[in-house]
Amino acid sequence: MSTPGIFPTLKDFLGKKNVVLYFYPKDNSMICTRKLVRSAIHISYKDFIEVGAEVIGVSSNDKKSHEGFAEKNQLSFKLLSDEDGQLRKLYGVRSTLGVVAGRRTFVIDKGGTVRMVFDSQMDAQKHVDKALKVLSDLKRPG
(Lines give C-alpha, C1' and ligand atoms only; values in the text may rest on other atoms or scores of the structure.)
Protein backbone atom coordinates (compact mmCIF):
# COMPACT_ATOMS: atom_id res chain seq x y z
CA MET A 1 0.00 0.00 0.00
CA SER A 2 1.37 3.41 -0.88
CA THR A 3 1.53 6.18 1.66
CA PRO A 4 -1.16 8.80 1.14
CA GLY A 5 0.26 12.16 0.24
CA ILE A 6 -0.73 15.72 -0.35
CA PHE A 7 -0.07 17.12 -3.82
CA PRO A 8 -0.13 20.87 -4.40
CA THR A 9 -1.08 20.59 -8.10
CA LEU A 10 -2.22 18.10 -10.70
CA LYS A 11 0.95 18.85 -12.69
CA ASP A 12 2.63 15.99 -10.80
CA PHE A 13 0.63 13.59 -12.98
CA LEU A 14 0.50 15.45 -16.31
CA GLY A 15 1.87 13.24 -19.05
CA LYS A 16 2.25 10.30 -16.66
CA LYS A 17 -1.16 9.10 -15.50
CA ASN A 18 -4.85 9.70 -15.92
CA VAL A 19 -6.36 11.22 -12.78
CA VAL A 20 -9.64 10.67 -10.99
CA LEU A 21 -10.25 13.86 -9.04
CA TYR A 22 -12.91 13.14 -6.44
CA PHE A 23 -14.34 16.07 -4.48
CA TYR A 24 -16.05 15.06 -1.25
CA PRO A 25 -17.54 17.09 1.60
CA LYS A 26 -15.47 16.29 4.69
CA ASP A 27 -13.06 13.86 6.38
CA ASN A 28 -14.44 11.69 9.17
CA SER A 29 -18.11 12.50 8.68
CA MET A 30 -20.34 9.45 8.83
CA ILE A 31 -21.49 9.75 5.22
CA CYS A 32 -18.06 10.56 3.73
CA THR A 33 -16.39 7.78 5.65
CA ARG A 34 -18.99 5.27 4.49
CA LYS A 35 -19.08 6.54 0.90
CA LEU A 36 -15.36 7.13 0.47
CA VAL A 37 -13.78 4.45 2.61
CA ARG A 38 -16.05 1.51 3.13
CA SER A 39 -17.55 1.55 -0.28
CA ALA A 40 -16.73 2.26 -3.83
CA ILE A 41 -13.54 4.28 -4.16
CA HIS A 42 -11.44 2.54 -1.51
CA ILE A 43 -12.55 -0.92 -2.56
CA SER A 44 -12.04 -0.12 -6.26
CA TYR A 45 -8.65 1.59 -5.90
CA LYS A 46 -6.78 -1.38 -7.44
CA ASP A 47 -9.15 -1.23 -10.44
CA PHE A 48 -8.21 2.42 -10.96
CA ILE A 49 -4.52 1.55 -10.81
CA GLU A 50 -5.03 -1.29 -13.32
CA VAL A 51 -6.50 1.14 -15.86
CA GLY A 52 -3.57 3.52 -15.38
CA ALA A 53 -5.15 6.14 -13.15
CA GLU A 54 -4.34 7.81 -9.88
CA VAL A 55 -7.15 8.75 -7.49
CA ILE A 56 -7.01 12.03 -5.60
CA GLY A 57 -9.63 12.86 -2.99
CA VAL A 58 -10.24 16.57 -2.36
CA SER A 59 -11.93 18.23 0.60
CA SER A 60 -11.52 21.44 2.57
CA ASN A 61 -9.91 19.62 5.48
CA ASP A 62 -6.32 20.49 6.32
CA LYS A 63 -3.27 18.26 5.88
CA LYS A 64 -3.36 17.05 9.50
CA SER A 65 -7.00 15.98 9.16
CA HIS A 66 -6.22 14.18 5.88
CA GLU A 67 -3.26 12.37 7.43
CA GLY A 68 -5.40 11.15 10.35
CA PHE A 69 -8.29 10.20 8.06
CA ALA A 70 -5.98 8.29 5.70
CA GLU A 71 -4.19 6.48 8.52
CA LYS A 72 -7.35 5.60 10.43
CA ASN A 73 -9.01 4.18 7.31
CA GLN A 74 -5.89 2.74 5.66
CA LEU A 75 -6.42 4.70 2.45
CA SER A 76 -4.16 3.94 -0.48
CA PHE A 77 -5.04 6.96 -2.59
CA LYS A 78 -3.89 10.55 -2.28
CA LEU A 79 -5.74 13.33 -0.47
CA LEU A 80 -5.50 16.98 -1.38
CA SER A 81 -6.33 19.83 0.97
CA ASP A 82 -8.43 22.65 -0.50
CA GLU A 83 -8.83 24.72 2.66
CA ASP A 84 -9.54 27.98 0.86
CA GLY A 85 -11.97 26.35 -1.59
CA GLN A 86 -10.12 27.64 -4.64
CA LEU A 87 -9.85 24.25 -6.34
CA ARG A 88 -13.53 23.55 -5.68
CA LYS A 89 -14.34 26.96 -7.17
CA LEU A 90 -12.05 26.43 -10.17
CA TYR A 91 -13.80 23.13 -10.97
CA GLY A 92 -17.28 24.53 -10.33
CA VAL A 93 -18.12 22.14 -7.51
CA ARG A 94 -21.15 23.63 -5.80
CA SER A 95 -22.59 22.98 -2.38
CA THR A 96 -25.71 20.91 -1.97
CA LEU A 97 -28.54 23.08 -0.70
CA GLY A 98 -25.92 25.77 -0.10
CA VAL A 99 -24.72 23.94 3.01
CA VAL A 100 -22.90 20.66 2.31
CA ALA A 101 -19.86 20.73 0.05
CA GLY A 102 -20.64 18.92 -3.19
CA ARG A 103 -19.50 15.48 -4.30
CA ARG A 104 -18.19 15.54 -7.88
CA THR A 105 -15.81 13.34 -9.83
CA PHE A 106 -13.61 14.33 -12.76
CA VAL A 107 -11.60 12.03 -14.99
CA ILE A 108 -8.64 13.93 -16.41
CA ASP A 109 -6.49 12.24 -19.05
CA LYS A 110 -2.70 12.32 -19.20
CA GLY A 111 -2.80 15.33 -21.48
CA GLY A 112 -4.88 17.36 -19.01
CA THR A 113 -8.22 17.06 -20.83
CA VAL A 114 -11.30 16.54 -18.66
CA ARG A 115 -12.97 13.41 -20.05
CA MET A 116 -15.80 13.04 -17.53
CA VAL A 117 -17.65 15.02 -14.90
CA PHE A 118 -20.15 13.32 -12.63
CA ASP A 119 -22.23 14.67 -9.74
CA SER A 120 -24.03 12.62 -7.13
CA GLN A 121 -24.09 13.49 -3.48
CA MET A 122 -25.29 10.07 -2.33
CA ASP A 123 -24.24 7.42 -4.87
CA ALA A 124 -20.49 6.77 -4.56
CA GLN A 125 -20.73 3.59 -6.64
CA LYS A 126 -21.91 5.51 -9.70
CA HIS A 127 -18.86 7.79 -9.38
CA VAL A 128 -16.68 4.67 -9.57
CA ASP A 129 -18.59 2.90 -12.32
CA LYS A 130 -18.65 5.93 -14.61
CA ALA A 131 -15.00 6.81 -14.00
CA LEU A 132 -13.82 3.23 -14.60
CA LYS A 133 -15.79 3.07 -17.86
CA VAL A 134 -14.16 6.24 -19.17
CA LEU A 135 -10.71 5.10 -18.04
CA SER A 136 -11.17 1.68 -19.64
CA ASP A 137 -12.13 3.38 -22.90
CA LEU A 138 -9.02 5.57 -22.71
CA LYS A 139 -6.81 2.54 -22.15
CA ARG A 140 -8.11 0.68 -25.23
CA PRO A 141 -6.01 1.15 -28.35
CA GLY A 142 -7.49 2.95 -31.15
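Numbers here simply count residues along the sequence, with the first being 1. As the structure is a prediction and not an experimental result, all values here were calculated from the model.
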V107/V19 under side-chain contact (heavy atoms from CB on, under 4.5 Å): CA gap, chis, key distance, verdict: CA-CA 6 Å; V107 172; V19 173; over 6 Å; no
So L80 and L87, side-chain contact (heavy atoms from CB on, under 4.5 Å) or not? Walk me through it. CA-CA 10 Å; L80 189 137; L87 192 59; 3.6 Å; yes
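Using a 4.5 Å cut-off on side-chain heavy atoms (C-beta onward), F48 and E50 make no contact. Taking 4.5 Å as the limit, some side-chain heavy atom of T113 sits within range of a side-chain heavy atom of R115. Contact check for L132 versus V51: side-chain heavy atoms found under the 4.5 Å cut-off. Between V20 and E54, the closest side-chain pair of non-hydrogen atoms is not below 4.5 Å. When side chains are defined from C-beta on, I108 does not count as touching F13, because their heavy atoms never get closer than 4.5 Å. Within the 4.5 Å cutoff, the side chain of F69 has no heavy atoms near those of the N61 side chain. Using a 4.5 Å heavy-atom threshold, the side chains of E67 and K63 count as touching.
Scanning all heavy atoms of the two residues, the minimum distance from K16 to D12 falls at NZ-O, 3.3 Å. Taking all atoms of both residues into account, the shortest heavy-atom contact from K17 to K110 is C-CG, 3.5 Å. Minimum heavy-atom separation, R88 to V58: NH2-O, 3.9 Å. Contact detail for S60 and P25: the closest heavy-atom pair is OG-O, 4.4 Å. V55 and F77 get closest at one heavy-atom pair: O-CB, 3.4 Å.
Partners of N18 by side chain to side chain donor-acceptor pair (under 3.5 Å), not counting sequence neighbours: none found. Under the side chain to side chain donor-acceptor pair (under 3.5 Å) criterion, D62 pairs with no residue, sequence neighbours left out. Looking at residues two or more places apart in sequence or on another chain, you find a ring-ring contact (aromatic ring centres under 6.0 Å, His included) between F106 and F23, Y91.
Atoms OG and CZ, from S120 and R104 in turn, are 12.0 Å apart once rounded to the nearest 0.5 Å. The CG atom of D109 lies 12.5 Å from the CE atom of M116; values are rounded to the nearest 0.5 Å. S59 OG to Y22 OH: the interatomic distance, rounded to the nearest 0.5 Å, is 10.5 Å.
Although no hydrogens or angles enter the test, the distance criterion places no donor-acceptor pair under 3.5 Å between the side chain of D129 and the main chain of K133.
Under the 4.5 Å side-chain heavy-atom criterion for grouping Ile, Leu, Val, Met, Phe, Trp and Tyr, L21 is not connected to L14 through any hydrophobic cluster.
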